[in-house]
Amino acid sequence: MLGLTIISVLLGTMGQLLVKVGATHLELDFSSAHLLQSLLAIAKNLPVMSGMALYGLSFILWVKVLSKVELSYAYPFISLGYIVILCFSCFVFKESISVSRAIGTLLIMVGVVFVAGS
């Protein structure tokens, strides 16, 4: 189940990255006058919709994982997504990563190692 857990987390993470890519090209206005236009723009945005599909697949796998392992074991693995997102944010999206954010992510990694070993 460890492999399926990691695949589920990575699919959800990749979904988030695709939503970010698509969202950067959207001009959204959720006021009543523009709500339908904004929702249609989201629906027509291939990266956003692909991200949603990956979220869905991730959810299906996550249900399978939770049917076999304890939630207290599986759930901390979701934090692996933070690590992947931090790396993509820095190297792909060219976001500035502070030292405290990097240290926090390192601490998350250590925590996941402890949980996986339990």
Side-chain angles (χ1 to χ4, degrees):
M1 277 295 118
L2 178 61
L4 200 58
T5 303
I6 292 171
I7 290 169
S8 174
V9 169
L10 290 177
L11 285 172
T13 302
M14 294 308 294
Q16 182 65 44
L17 292 168
L18 284 169
V19 169
K20 169 63 178 169
V21 167
T24 59
H25 302 293
L26 291 172
E27 295 286 331
L28 301 176
D29 179 357
F30 292 123
S31 67
S32 59
H34 298 100
L35 179 60
L36 186 57
Q37 280 179 308
S38 292
L39 293 176
L40 287 173
I42 291 170
K44 289 190 224 177
N45 187 296
L46 184 60
V48 170
M49 296 314 292
S50 298
M52 295 283 292
L54 288 180
Y55 277 145
L57 183 55
S58 172
F59 174 76
I60 291 167
L61 294 178
W62 190 248
V63 171
K64 174 67 175 170
V65 167
L66 292 182
S67 75
K68 301 294 181 191
V69 301
E70 295 174 347
L71 180 62
S72 62
Y73 173 80
Y75 198 75
F77 283 93
I78 291 175
S79 63
L80 290 173
Y82 297 142
I83 298 160
V84 175
I85 293 292
L86 183 91
C87 293
F88 269 82
S89 296
C90 182
F91 298 113
V92 175
F93 299 128
K94 306 296 184 208
E95 295 178 6
S96 175
I97 307 300
S98 67
V99 172
S100 61
R101 195 177 299 173
I103 290 171
T105 303
L106 179 64
L107 291 172
I108 289 169
M109 289 171 51
V110 170
V112 170
V113 168
F114 276 107
V115 170
S118 66

Handout entry: Non-hydrogen atoms of S72 and V115 that approach each other most closely
Key = O-CG1, 4.3 Å
Problem - Over all atoms of both residues, closest heavy-atom pair of S79 and V112 - result: OG-CG2, 3.0 Å
Practice task
Quick one: which residue pairs count as a ring-ring contact (aromatic ring centres under 6.0 Å, His included) with a foot in residues 22-76, not counting sequence neighbours?
Solution key: Y73-F77
Practice task
Give a yes or no on whether L54 and V65 share a hydrophobic cluster (residues Ile, Leu, Val, Met, Phe, Trp, Tyr; joining criterion: side-chain heavy atoms under 4.5 Å apart).
Solution key: yes
Practice task
Report yes if the side chains of V21 and L17 come closer than 4.5 Å at any heavy-atom pair, otherwise no.
Solution key: no
Handout entry: same_hphob_cluster(V63, M52) at 4.5 Å side-chain heavy-atom cutoff
Key = no
Donor-acceptor pairs are to be reported for all side-chain atoms of residues 2-12 against protein atoms at under 3.5 Å, with residues two or more places apart or in another chain.
from	atom 1	to	atom 2	distance (Å)
T5	OG1	M1	O	2.7
S8	OG	S58	O	2.9
S8	OG	S58	OG	3.3

Problem - Contact check, side chains of T13 and Y82, non-hydrogen atoms, under 4.5 Å - result: no
Handout entry: Partners meeting side chain to side chain donor-acceptor pair (under 3.5 Å) with S67 (sequence neighbours left out)
Key = none
Completion exercise
Between R101 and S96, the two heavy atoms sitting closest are NH1-O, 3.7 Å
Handout entry: Gap between atom CG of L107 and atom CD1 of I103 - 0.5 Å precision
Key = 7.5 Å
Check: residues 39-47 side-chain donor-acceptor pairs under 3.5 Å, at least two apart:
from	atom 1	to	atom 2	distance (Å)
N45	OD1	V48	N	3.0
N45	ND2	G22	O	3.0

Practice task
With side-chain contact (heavy atoms from CB on, under 4.5 Å) as the test, would you mind laying out the steps for M109 and V113 before giving the verdict?
Solution key: CA-CA 6 Å; M109 289 171 51; V113 168; 5.7 Å; no
Handout entry: Shared-cluster residues of L86, by chain and number - hydrophobic side chains joined below 4.5 Å
Key = I97
Exercise for the section: Consider only side-chain heavy atoms of I, L, V, M, F, W and Y, link residues closer than 4.5 Å, and tell whether L18 and M49 are in one cluster. Expected result: no
Exercise for the section: Could you state whether L61 and V69 fall into the same hydrophobic cluster, counting links through intermediate Ile, Leu, Val, Met, Phe, Trp or Tyr residues with side-chain heavy atoms under 4.5 angstrom apart? Expected result: yes
Practice task
Would you confirm whether S38, through its side chain, and D29, through its main-chain N or O, come within 3.5 Å as a donor-acceptor pair?
Solution key: yes
Handout entry: Qualifying residues under side-chain contact (heavy atoms from CB on, under 4.5 Å), relative to S100, sequence neighbours excluded
Key = S98
